[in-house]
Amino acid sequence: MPTPRKSHLDPFAIALLLACCMFWGFQQVLVKATMAEVPPVFQACLRFAVSSLAVATWCRWRGVRLGLGSEPAGAWRFGLLAGALFAAEFACIHAGLQYTLASRLTVFLYSAPFWVALLLPRFVPGERLRGWQWLGLGCAFAGMALAMGEGLFSHPAGSAYPLGWFGDALGLLAGLMWGLTTVVIRTTSFARVAPEKQLLYQVGVSAAVLPVVSWALGEAWTLDFSAFAAGSLLLQALVGGFVSYLAWMWMLAHYPATRMSVFVFLTPVFALLFGAWWLGEPLSAGLLAAMALVGTGIVLVNRQPAVQTQQLPA
């Protein structure tokens with residue numbers, strides 16, 4: 001029998017989300033550090049090609065059937081849609097890293113929870129947020145607005161990124177694509193597909209589509225990597241594109257997507273710290289204040305209501 005969905009994030013889910021968020025924050029910095037040797041979208045091509053092989057191998061080992069006849073009727077169409085949205089998200093992320101700071105792009109990427117919180121309850125009533133949770137979302141939105149205003153009017157990197165606003169805009173677009181991917185996964189017949197197979201659709205379509213995007217952008221393709229670049233790509237593929245995303249897909253099948261999505265606002269915090277530590281990126285006061293508001297929002301959205309006792313009739 002399928003495991004019933006839970007109404008809140010338990011300690012195991014929170015610990016798993018923390019681990020995923022920490023790596024995702026580090027991953028944006030890792031991609032940017034590798035751009036000196038490997039063009040950004042080409043990185044994504046190689047990453048998802050390896051991830052596809054890893055996920056397919058995992059499915060075979062776990063006995064997950066990969067044929068179309070093993071899933072609900074028409075689910076494959078939504079799988080392709082989810083894969084296309086996923087590929088568009090990463091095309092925006094990797095291209096945007098050329099125009100803005102890794103920490104800043106990650107902040108804008110995590111506008112995704114707003115789209116999930118606004119769109120998903122229209123299809124899944126159990127995902128609806130209540131009083132203080134909307135207040136928490138408002139706090140998180142205020143933090144994002146603060147970061148956005150700073151990026152629109154005076155990019156902290158100055159002349160190093162003359163098109164910083166464009167990189168920020170690509171980060172926002174990537175966030176929208178991520179939010180729409182979550183909505184497709186939770187509200188269509190694709191939700192009844194095994195999490196491993198859901199992930200295979202996304203990384204597989206990305207591995208097929210992103211080479212076209214890379215070619216259209218005129219990126220140079222080469223496999224002459226240093227040990228650092230090769231290690232970076234393997235880490236992105238096996239930990240980022242396989243282990244962490246498989247954990248995320250599993251959690252989507254068992255926990256409320258709205259609470260999960262708002263929780264991952266923590267990822268920009270890790271990106272800020274890793275970006276400052278490794279790349280020497282500046283930590284502006286406005287961006288730190290934005291992160292404080294986001295953290296407050298996470299606490300409020302995931303706060304559990306007090307259990308009310310009811311007196312039984314005599």
Side-chain angles (χ1 to χ4, degrees), residues 16 19-61 83 86-106 109 160-161 167 170-171 174 178 196 199-249 267-268 270-281:
L16 198 54
C20 289
C21 293
M22 181 179 293
F23 182 82
W24 294 338
F26 172 69
Q27 183 171 252
Q28 306 305 331
V29 179
L30 188 61
V31 169
K32 194 169 182 68
T34 312
M35 280 170 48
E37 292 188 53
V38 189
V41 180
F42 185 50
Q43 282 189 55
C45 299
L46 297 174
R47 168 187 177 183
F48 290 123
V50 175
S51 297
S52 298
L53 292 174
V55 176
T57 302
W58 173 266
C59 289
R60 291 292 299 273
W61 181 66
F86 187 82
E89 173 195 342
F90 279 89
C92 290
I93 292 172
H94 286 252
L97 285 170
Q98 300 174 90
Y99 301 103
T100 190
L101 302 174
S103 53
R104 289 189 58 79
L105 183 137
T106 306
L109 169 64
Y161 292 97
L170 286 174
W178 184 3
E196 298 94 331
L199 178 59
L200 185 58
Y201 267 103
Q202 293 173 78
V203 295
V205 171
S206 298
V209 170
L210 289 176
V212 179
V213 177
S214 177
W215 174 80
L217 292 174
E219 292 185 343
W221 292 8
T222 178
L223 298 179
D224 184 18
F225 303 142
S226 68
F228 166 76
S232 168
L233 291 169
L234 282 176
L235 197 61
Q236 292 178 48
L238 298 180
V239 180
F242 174 45
V243 176
S244 69
Y245 290 153
L246 189 60
W248 174 261
M249 299 304 300
T267 298
F270 292 118
L272 281 169
L273 296 176
F274 285 123
W277 166 66
W278 190 354
L279 303 178
E281 295 183 347

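Hydrogens, waters and symmetry mates are skipped; everything else that's a heavy atom, side chains included, is used. The first residue in the sequence is number 1, and the count goes up from there.
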Distance from [X] atom [atom1] to [Y] atom [atom2], nearest 0.5 Å?
{"X": "Cys59", "Y": "Leu199", "atom1": "SG", "atom2": "CG", "answer": "8.0 Å"}
{"X": "Leu16", "Y": "Cys20", "atom1": "CG", "atom2": "SG", "answer": "5.0 Å"}
{"X": "Leu200", "Y": "Met249", "atom1": "CG", "atom2": "CE", "answer": "11.0 Å"}

What pair of heavy atoms forms the shortest contact from [X] to [Y], and how long is it?
{"X": "Ser232", "Y": "Thr34", "result": "OG-OG1, 2.7 Å"}
{"X": "Gly83", "Y": "Val205", "result": "C-CG1, 3.5 Å"}
{"X": "Leu170", "Y": "Ala95", "result": "CD1-C, 4.1 Å"}

Which donor-acceptor pairs under 3.5 Å do side chains of residues 223-230 form with protein atoms, sequence neighbours excluded?
unit_1: Ser226; atom_1: OG; unit_2: Glu37; atom_2: OE1; d: 3.0
unit_1: Ser226; atom_1: OG; unit_2: Glu37; atom_2: OE2; d: 2.6
unit_1: Ser226; atom_1: OG; unit_2: Phe228; atom_2: N; d: 3.4
unit_1: Ser226; atom_1: OG; unit_2: Ala229; atom_2: N; d: 3.2

Practice task
Please check if the side chain of Ser206 supplies one atom and the backbone of Gln202 the other of a donor-acceptor pair under 3.5 Å.
Solution key: yes
Handout entry: Under 3.5 Å: donor-acceptor pair, side chain of Ser51, backbone of Ala237
Key = yes
Fill in the blank from the handout: With sequence neighbours left out, the residues meeting side chain to side chain donor-acceptor pair (under 3.5 Å) with Glu196 are none
Handout entry: Residue list, side chain to side chain donor-acceptor pair (under 3.5 Å) with Trp24, at least two apart or on another chain
Key = Ser244
Could you list the donor-acceptor pairs under 3.5 angstrom formed by side chains in residues 40-49, with sequence neighbours left out?
unit_1: Gln43; atom_1: OE1; unit_2: Gln236; atom_2: NE2; d: 3.1
unit_1: Gln43; atom_1: NE2; unit_2: Val31; atom_2: O; d: 3.1
unit_1: Gln43; atom_1: NE2; unit_2: Val38; atom_2: O; d: 3.1
unit_1: Arg47; atom_1: NE; unit_2: Gln236; atom_2: O; d: 3.3
unit_1: Arg47; atom_1: NH2; unit_2: Gln27; atom_2: OE1; d: 3.1
unit_1: Arg47; atom_1: NH2; unit_2: Tyr245; atom_2: OH; d: 3.0

For [X], check side-chain contact (heavy atoms from CB on, under 4.5 Å) against everything at least two apart and list the hits.
{"X": "Val212", "answer": "none"}
{"X": "Trp215", "answer": "Trp221"}
{"X": "Ala174", "answer": "Glu89, Cys92, Ile93, Leu109"}

Practice task
May I ask you to test the Phe26-Leu235 pair for a side-chain heavy-atom distance under 4.5 Å?
Solution key: yes
Practice task
Show the numbers, then the answer: is there a side-chain contact (heavy atoms from CB on, under 4.5 Å) between Leu238 and Val50?
Solution key: CA-CA 7 Å; Leu238 298 180; Val50 175; 4.1 Å; yes
